[in-house]
Amino acid sequence: MAKVPRNFRLLEELEKGEKGIGDGSCSYGLEDGDDILMSNWNGTVIGPGHTVHENRIYSLKIICGEQYPDRPPTIQFVSRVNLPFVSQSDGKVDPSKLPVLTNWNRNSSIETVLVEIRREMASFNNRKLPQPPEGSTF
């Protein structure tokens with residue numbers, strides 16, 4: 001099977017991200033529409049219901065490096081959040097602690113990562129973790 005070039009893949013993801021994912025609980029788009037390398041993205045995750053994250057809107061920075069999609073993007077929370085895979089000093093997601101990044105493959109996408117982060121927020125171990133004040137940032 002032919003490998004889809006990075007820019008074609010990112011254009012496809014951009015189009016999908018701008019339309020919104022499923023129920024609208026996750027969204028993403030380019031930080032700057034003039035970024036011809038399509039490296040810097042913004043993401044949003046709406047906290048899942050019946051958890052301490054409910055009704056919270058989390059902002060993230062996503063960087064798709066030159067090796068994307070062969071290598072996972074770098075993910076960093078802008079909004080403060082207390083999750084085991086997020087550094088409390090700068091909001092960076094530790095790829096070794098988030099299975100979707102640990103087990104990354106070319107079929108994974110920005111959407112896959114955001115949906116997995118939201119799923120982790122709702123998991124038994126994370127759904128009741130004490131959180132920083134709403135609206136605080138790294």
The test is side-chain contact (heavy atoms from CB on, under 4.5 Å); show your working for Val93 and Val113 and say whether it passes.
CA-CA 11 Å; Val93 172; Val113 175; over 6 Å; no

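- Applying the side chain to side chain contact (heavy atoms under 4.5 Å, CB included) rule to Asp94 yields the partners Ser96, Lys97; only residues at least two apart in sequence or on another chain are considered.
- Under the side chain to side chain contact (heavy atoms under 4.5 Å, CB included) criterion, Phe8 pairs with Val4, Pro5, not counting sequence neighbours.
- Salt-bridge check for Arg119 with Glu116: passed, with a basic side-chain N closer than 4.0 Å to an acidic carboxylate O.
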Side-chain atoms of residues 130-138: list all donor-acceptor pairs with protein atoms under 3.5 Å, sequence neighbours left out, distances to 0.1 Å.
from: Gln131; atom 1: OE1; to: Asn82; atom 2: N; distance (Å): 2.8
from: Gln131; atom 1: NE2; to: Asn82; atom 2: O; distance (Å): 2.9
from: Gln131; atom 1: NE2; to: Leu129; atom 2: O; distance (Å): 3.2
from: Ser136; atom 1: OG; to: Pro133; atom 2: O; distance (Å): 2.7

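- Proximity of a side-chain donor or acceptor of Arg71 to a complementary backbone N or O of Glu66 within less than 3.5 Å is not detected.
- Checked against ring-ring contact (aromatic ring centres under 6.0 Å, His included), Phe77 has no partners two or more places apart in sequence or in another chain.
- Remark: Arg106 engages Asp70 in a salt bridge (Lys or Arg N to Asp or Glu O under 4.0 Å) (not counting sequence neighbours).
- Salt-bridge check for Arg9 with Glu13: passed, with a basic side-chain N closer than 4.0 Å to an acidic carboxylate O.
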Going by atom type alone, with no hydrogens or angles, which donor-acceptor pairs under 3.5 Å involve a side-chain atom of residues 42-52 and a protein atom two or more places apart or on another chain?
from: Thr51; atom 1: OG1; to: Pro48; atom 2: O; distance (Å): 2.7
from: Thr51; atom 1: OG1; to: His53; atom 2: N; distance (Å): 3.0
from: Thr51; atom 1: OG1; to: Glu54; atom 2: N; distance (Å): 3.4

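- Without hydrogens or angle criteria, Asn126 side chain to Glu120 main chain gives a donor-acceptor distance under 3.5 Å.
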Dump the intermediate steps for side-chain contact (heavy atoms from CB on, under 4.5 Å) on Leu14 and Glu18, then the final yes or no.
CA-CA 6 Å; Leu14 178 61; Glu18 287 177 338; 3.6 Å; yes

Taking it one step at a time, do Phe85 and Ile117 satisfy side-chain contact (heavy atoms from CB on, under 4.5 Å)?
CA-CA 9 Å; Phe85 51 87; Ile117 286 173; 4.2 Å; yes

